[in-house]
Amino acid sequence: MDVRARLGQLKQVKPSNFKGLGTPLIVLAALAMIVLPMPALLLDILFSFNIALALVVLLVAIYTDRPLDFAAFPSVLLIATLLRLALNVASTRVVLLEGHNGGDAAGKVIESFGSVVIGGNYAVGLVVFLILIIINFAVVTKGAGRISEVSARFTLDAMPGKQMAIDADLNAGVLNQEQARDRRAEVTKEADFYGAMDGASKFVKGDAIAGILIMVINILGGFVIGMVQHDLDFSSAVEIYTLLTIGDGLVAQIPGLLLSIAAALMVTRQNESGDMGQMMMSQMFDNPKSIGIAAAVLFIMGIVPGMPHFAFLTLALAVGSAAYFLYRKQAKEREQSLELAKKPAADKSAAKPKELSWDDVQHVDTIGLEVGYRLIPLVDKGQGGELLGRIKGVRKKLSQELGFLVPAVHIRDNLDLSPNTYRISLMGVASGEAEIRHDCELAINPGQVYGTLEGTATTDPAFGLEAVWIAPELREHAQTLGYTVVDAATVVATHLSQLLTNNAAKLLGYEEVQQLMEMLAKHSPKLVDGFIPDVMPLGTVVKVMQNLLNEGVSIRDLKTIVQTLLEYGPKSADTEVLTAAVRISLKRMIVQEISGPETEIPVITLAPELEQMLHQSMQATGGEGPNIEPSLAERMQKSLEDASQRQEMVGQPAILLTSGMLRSTLSRFVKHTIPNLRVISYQEVPDEKQIRIVSAVGQ
């Protein structure tokens, strides 16, 4: 390769290729400072850089919205500590080798801190240095280390509860898959961050101890070198080497103190987004009563004989004025809020009564939610209510899963209900009701917890699990014990999601099916053309789709459903036969939703004798259902329930495999008593799947 081509390649190297070289260069430079001698000028530059770096880290820690936004802080703390210790080694070498030549032999920065900052008095410098060490080591570092240790322990203990809360929000439709993935990643990052901060606090503590040891070693080494090698008298050696050592120590300890304060600020902050200065001002100076009392105390102290009257009375006047103006501002805001609240009521009373019309006839709501008056804040966005957004998320999630648009939820208050009660109705019929506390959070026992909680014992409205209403501040503690903690809005949304899922067939009517046909016609016009009413009436299509939803089968694959109905419609008008045919066409989707992508399907079967007896009973009744003795039905139900629970305990789906003749009847038999048991026929098992029989009922 010629020289021109080589130069052309070098010109193509972009500056962005060097962006990641800063940290490795600092680490290598720190290691080089430990081994190689450093000139005084270079030491001045590096000491100045060290102070600037500590200031930048402190300011970034203050202005970071939340701790996880500065997740690189533990690594930055380690690198800054390593740089400072390397500078200590380099400056110690220069002080001991060149200290006898004068105060500026180790550089202007060390001389300035040894003479200007402490006035050239090594006794004062020693006291100031020790005070900085005590502040850094005994106060800031010790407190930050303890907070880091506790935060890391509780964060790691609370991880399972937080993961379960994310899964609960995902199942309730509050989060989609991408949001849940981001939340899980954030929980993992939070645990990693606080774990790293627990270790990083040890760097700061070790650095403070190293500062004391380095000071003692430098002073003793300076005495020996100055008096033995350079023939200095005792007083000269004490003055020269003590001032240089203390100056060197102050140059190192001031950045160390800044970094310790930055570490303490990071671990004492809550993991909430917000500017630290604004949060402190809004939380400390938002109550005029506390500021007014402080002004009164300052005034009393100012009029006490012997006290500095000017200082205390001036400060009391300033604090009292601030309390007065804050009180006036809040009073004005309250008046404006009352005026806004009265204005709609006045407009309503001034409106003229209208004549009755058909619009005044109230129709039955497809989905209704009634709340007591104490639960109104849950649905009022002005009061921070989140229930409307949660319900919207539930509708979106269920619409995607079921395959049709879930109707809107009509929400209204009901004074006839208890203040903390809500009621969910479908087609005007109450389908679910529960009492909740909007100012508390529900800690649900998922099956295994490691302690008890203080609160009001209850049950989860959606699944009937044991639960406790707790104060919001106990959330972290409850998650640490293994509870799944959700707020009141999530409780209502989860209950609504469960009821809508179980009653999906009631939500699908003629209008919805017609909309689905029109959507399919846009993509497959030939498929829909002539289907309704030439092949079968709309009512039959609605009934087939309701049967599918009633058996927990999604109607998302509308194209396959219509193709199957086109094929079997001319042969039979029986909706049960058509439903069975559609299920066989959808067998891959049905099995995948039940057991996932696994090639092997664990199934529960009926004993051959029992299945034969049920077949004979079906034939005797003309296919209208087996005529089973009550005692036999009870034993079958108990056996199926036990087998289903065993599958649930090992984390596998509960699937009952039976013949096509019995599938529909057995599905209705277990729907309400064993809701987690899915019934499929032999014809609904895909060819690529293998069957593994885990138990046989009736043997």
Visitor: State whether the side chain of R423 and the backbone N or O of G432 hold a donor-acceptor pair below 3.5 Å, judged by distance alone.
Guide: no
Visitor: Just checking, any donor-acceptor pair under 3.5 angstrom between side chains of S667 and E551?
Guide: no
Visitor: Is L496 close to I367 at the side-chain level, that is, under 4.5 Å between some pair of heavy atoms?
Guide: yes
Visitor: Name the residue from V513, L516, L527 that meets the side chain to side chain contact (heavy atoms under 4.5 Å, CB included) definition with L558.
Guide: L516
Visitor: Determine, for K522 against E518, whether the closest basic-nitrogen to carboxylate-oxygen distance falls under 4.0 angstrom.
Guide: no
Visitor: With distance as the sole test, does D529 use its side chain to make a donor-acceptor pair with the main-chain N or O of P525 at under 3.5 Å?
Guide: no
Visitor: When you measure from the side chain of Y483 to the backbone of G451, do you find a donor-acceptor pair of N or O atoms at a distance under 3.5 Å?
Guide: yes
Visitor: Tell me whether R556 is salt-bridged to E593, with the criterion being a basic N under 4.0 Å from an acidic carboxylate O.
Guide: yes
Visitor: Whether the side chain of Q546 engages the backbone of L508 through a donor-acceptor N/O pair (distance < 3.5 Å, no angle test) should be reported.
Guide: yes
Visitor: Considering residues, nucleotides and ligands other than E454, do more than 12 of their heavy atoms fall under 6.0 Å from its CD?
Guide: no
Visitor: Does D642 have any side chain to side chain donor-acceptor pair (under 3.5 Å) partners at least two apart in sequence or in another chain, and if so, which?
Guide: K638
Visitor: Please report the shortest heavy-atom distance between D413 and I376, naming the atom on each side.
Guide: CB-CD1, 4.2 Å
Visitor: Do you know which two heavy atoms are closest between V406 and L398, and how far apart they sit?
Guide: CG2-CB, 3.9 Å
Visitor: Ion pair present between D365 and R412, side-chain N to carboxylate O less than 4.0 angstrom?
Guide: yes
Visitor: Taking all non-hydrogen atoms of both residues, which atom of M427 and which atom of V364 are closest, and how far apart?
Guide: C-CG1, 3.0 Å
Visitor: Would you tell me whether H495 and Y422 have side-chain atoms, one donor and one acceptor, within less than 3.5 Å of each other?
Guide: yes
Visitor: For the pair T501 (side chain) and S497 (backbone), establish whether a donor and an acceptor sit closer than 3.5 Å, ignoring hydrogens and angles.
Guide: yes
Visitor: Side-chain donor-acceptor pair under 3.5 Å between S644 and N676, yes or no?
Guide: yes
Visitor: Do F404 and I555 touch side chain to side chain, with heavy atoms closer than 4.5 Å?
Guide: yes
Visitor: Is R390 paired with D487 through a side-chain N to carboxylate O contact shorter than 4.0 Å?
Guide: yes
Visitor: Donor-acceptor pair, S554 side chain versus E401 backbone, under 3.5 Å?
Guide: yes
Visitor: Can a side-chain donor-acceptor contact be found between R668 and S664 if the only test is distance below 3.5 angstrom?
Guide: yes
Visitor: With side chain to side chain contact (heavy atoms under 4.5 Å, CB included) as the test, pick out the partner of I680 among T658, V685, L656.
Guide: V685
